[in-house]
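One structure below.
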Amino acid sequence: MKGRNSFGSRFGVLVAMAGSAVGLGNLWRFPYLLGEDGGGAFLFVYLLFVVVLCIPIMICEFLIGRRSQTDAFGAFKELVPGSKWGFVGLMGVFASVFIVSFYSVVGGWSVNYLVSSLQFKFTSGSCDPSEMFSTLVSSPVKPVIYHLIFLLFTALIIAAGVKKGIERYTKLMMPLLFVMIIIIAIRSMTLPGASAGLRYLFKPDFSKIDGQVLLDALGQAFFSLSLGIGTILTYASYVKKEENILKCTAYTSIADTLFAIIAGCAIMPAVFSFGLEPGQGPGLVFVTLPGIFAQLPLGGVAAILFFFTLFLAALTSCISMLEVIVALMVDEFKMKRGVACVITFIFFGISGTLCSLSQGTLADLHILGKNIFDLCDFCSANILMPLGAIFIVLFVGWKMPKPDVIDELTNGGTVKTPAWLLKAIYIIIRYIAPVFISIIFLAGMLK
Ligand code: TRP
């Protein structure tokens, strides 16, 4: 599309994709699911899914976006004229509505923790991390305000546009976050009794694997890699034709997975060393980390740096989700970027507030046996993302002409790719991915 924004450089693309992938999914959601779903067994299936299913799905999304150069709704029509597959893009928008609603609340928690770290609360000796967390999330006003602050940052950066907004901030923050999480992991692994946590993490007990664990691991792999809702598709639509798709997707997945594993090494040993309950749910990271900072030389400063980078990581991921919606409003409804941002801010301001209140004031309001926060998480990661992924691989495997797929993967034959690799990827896309995702999806649903 003429006049469409695009990323400034190869490094910019990679950084934006990694910025989308690395976020609260790695540092908050992954460790607590690990704790709930049996540690090593969960990690094992998770890694398997990333390599066998998720990388090919990411390739599909990337390919659709880059070839069509348009938003997640228009892309399908653009590639197969007359096709009605635009609904996949709409489903993605629907899914982002669920995700952003709770994601921005957790983003707000991280802003609150940043503020607390600036007051050196974690190292003052008087902080009870469990109580601090539960008081924060169940209060009716404070987390709502922090959620709105987080959302405002997101909307402002999106309004500034892709290149100026997303690329610039992400480049700076990723390396710093990486250094911080490594420092925390090293301290955590050297705490007394840490080895029990490492065993929990790396010694799988395969008897723990059931339909629920499989679906959780699949949902988490999609969540962490930003798959199934058109995020990668939308970002790829800003990518120039010369970039190498296989390289971009491989680097992104490796960076994201490395982050998740290191986050596991940072959290699990400390959980065991402090005698905490690994399966306590969404508070796990927020309760465990302050304890590690208290044990770290210059822990107060480390906490500030960590929560600052965590906030930025959450921000870049949230931006990538909102961008799906804003891009669609701009490309399909010809709305001004700024107007689209204002509308989304108001909408998520309200839906996020409901999610936040469901941790306290509205805790008794249950739909399908879940509070609003958990319902949003469940509907997106366990239902809409797997469904979206199935449709995306079916589209590339069965609707798009094979020569188009190969042409896009190899940039018109200019990128030398081994024939066996292309063949393997195509077989996964056409047969293995749709069948396996469907089976896991049904197994988890019918449990
Ligand atoms: N992957 C991000 C994280 O780990 C969250 C995220 C960004 C996301 N874009 C997405 C999740 C699209 C699902 C779909 O925090």
Side-chain angles (χ1 to χ4, degrees), residues 15-34 46 49-50 54 57-58 60-62 65 71-72 88-89 91-110 150 154 157-158 166 170 173-174 177-178 181 216-236 249 252-264 282 285 309-328 344 348 376-389 391-392:
V15 157
M17 299 227 334
S20 163
V22 176
L24 295 169
N26 309 57
L27 296 155
W28 160 73
R29 203 170 183 277
F30 180 73
Y32 96 70
L33 283 177
L34 259 178
Y46 176 84
F49 288 162
V50 168
C54 292
I57 297 170
M58 191 184 282
C60 291
E61 267 202 47
F62 199 105
D71 67 281
V88 182
M91 240 172 68
V93 171
F94 205 53
S96 2
V97 168
F98 284 110
I99 309 175
V100 174
S101 299
F102 74 89
Y103 202 90
S104 55
V105 172
V106 185
W109 297 347
S110 70
F150 180 81
T154 315
I157 297 179
I158 295 197
I166 302 172
T170 319
M173 136 277 147
M174 294 284 296
L177 180 63
F178 198 64
I181 191 73
D216 277 353
L218 187 71
Q220 172 59 21
F222 288 162
F223 191 93
S224 194
L225 291 166
S226 307
L227 298 178
I229 72 161
T231 294
I232 300 291
L233 189 161
T234 306
Y235 270 17
T249 47
T252 307
S253 324
I254 292 171
D256 184 73
T257 307
L258 214 57
F259 255 102
I261 295 175
I262 299 174
V285 175
T309 46
L310 179 68
F311 160 64
L312 291 183
L315 198 62
T316 49
S317 300
C318 200
I319 289 169
S320 76
M321 282 180 262
L322 268 195
E323 177 63 24
V324 177
I325 303 177
V326 170
L328 195 134
T344 43
F348 288 110
C376 285
D377 183 296
F378 177 79
C379 286
S380 49
N382 288 7
I383 299 182
L384 288 169
M385 286 158 67
L387 277 182
F391 287 123
I392 286 167

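Numbers here are sequence positions counted from 1. Just follow the structure's listing: the first ligand is 1, and inside any ligand the first atom is 1.
- Taking every non-hydrogen atom of Ile99 and a distance limit under 4.0 Å, the qualifying atoms of ligand 1 come out as 13 (C), 14 (C).
- A pairwise comparison of heavy atoms in Leu34 and Gly264 identifies CD1-CA, 4.2 Å as the closest pair.
- For ligand 1, the atoms closer than 4.0 angstrom to any heavy atom of Leu24 are 15 (O).
- Looking from atom 2 (C) of ligand 1 to the surrounding protein, the closest heavy atom is Ser20 O, 3.1 Å.
- Considering only non-hydrogen atoms, atom 5 (C) of ligand 1 lies nearest to Phe223 out of Phe259, Phe223, Phe30.
- A distance of 3.5 Å separates CZ in Phe348 from CD1 in Ile325, rounded to the nearest 0.5 Å.
- Here is the list of ligand 1 atoms found below 4.0 Å of a heavy atom in Gly25: 3 (C), 4 (O), 15 (O).
- Taken to the nearest 0.5 Å, the CG atom of Leu322 stands 4.5 Å off from the CD1 atom of Ile158.
- Proximity of Tyr103 to ligand 1 is established by a heavy-atom distance of less than 4.0 Å.
- The part of Met385 lying near ligand 1 is the side chain, judged by heavy-atom distances below 4.0 Å.
- Between Phe259 and Phe178, the angle of the ring planes goes over 60°, which puts this pair in the perpendicular group of the 30/60° scheme.
- Of all atoms in ligand 1, listed by their number and element, those nearer than 4.0 Å to a heavy atom of Ser224 are 1 (N), 4 (O).
- Considering CE of Met17 and CD1 of Ile232, their distance stands at 4.5 Å, rounded to 0.5 Å.
- Near Asn26, meaning under 4.0 Å from any of its heavy atoms, are these atoms of ligand 1: 4 (O).
- Under the 3.5 Å distance criterion, with hydrogens and angles disregarded, no donor-acceptor pair is assigned to the side chains of Ser20 and Thr231.
- With a 4.0 Å cut-off on non-hydrogen atoms, Ser320 touches ligand 1 through its side chain and not its backbone.
- Residue contacts with ligand 1 for Asp256 are absent, since no atom lies close enough (heavy atoms, distance under 4.0 Å).
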Quick one: side chains of residues 93-100, donor-acceptor pairs under 3.5 Å with protein atoms, not counting sequence neighbours, listed by atom name and distance.
residue: Ser96; atom: OG; partner: Gly92; partner atom: O; Å: 2.7
residue: Ser96; atom: OG; partner: Val93; partner atom: O; Å: 3.2

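- Within the 4.5 Å cutoff, no side-chain heavy atoms of Leu24 are placed close to those of Arg29.
- For atom 12 (C) of ligand 1, the closest non-hydrogen atom on the protein side is Thr231 OG1, 3.2 Å.
- Closest to atom 4 (O) of ligand 1, if we only count protein heavy atoms, is Ala21 O, 2.8 Å.
- Between Phe102 and Phe223, the ring planes lie parallel to each other; the angle is under 30°, not in the 30° to 60° tilted range.
- Here is the list of ligand 1 atoms found below 4.0 Å of a heavy atom in Ile229: 12 (C), 14 (C).
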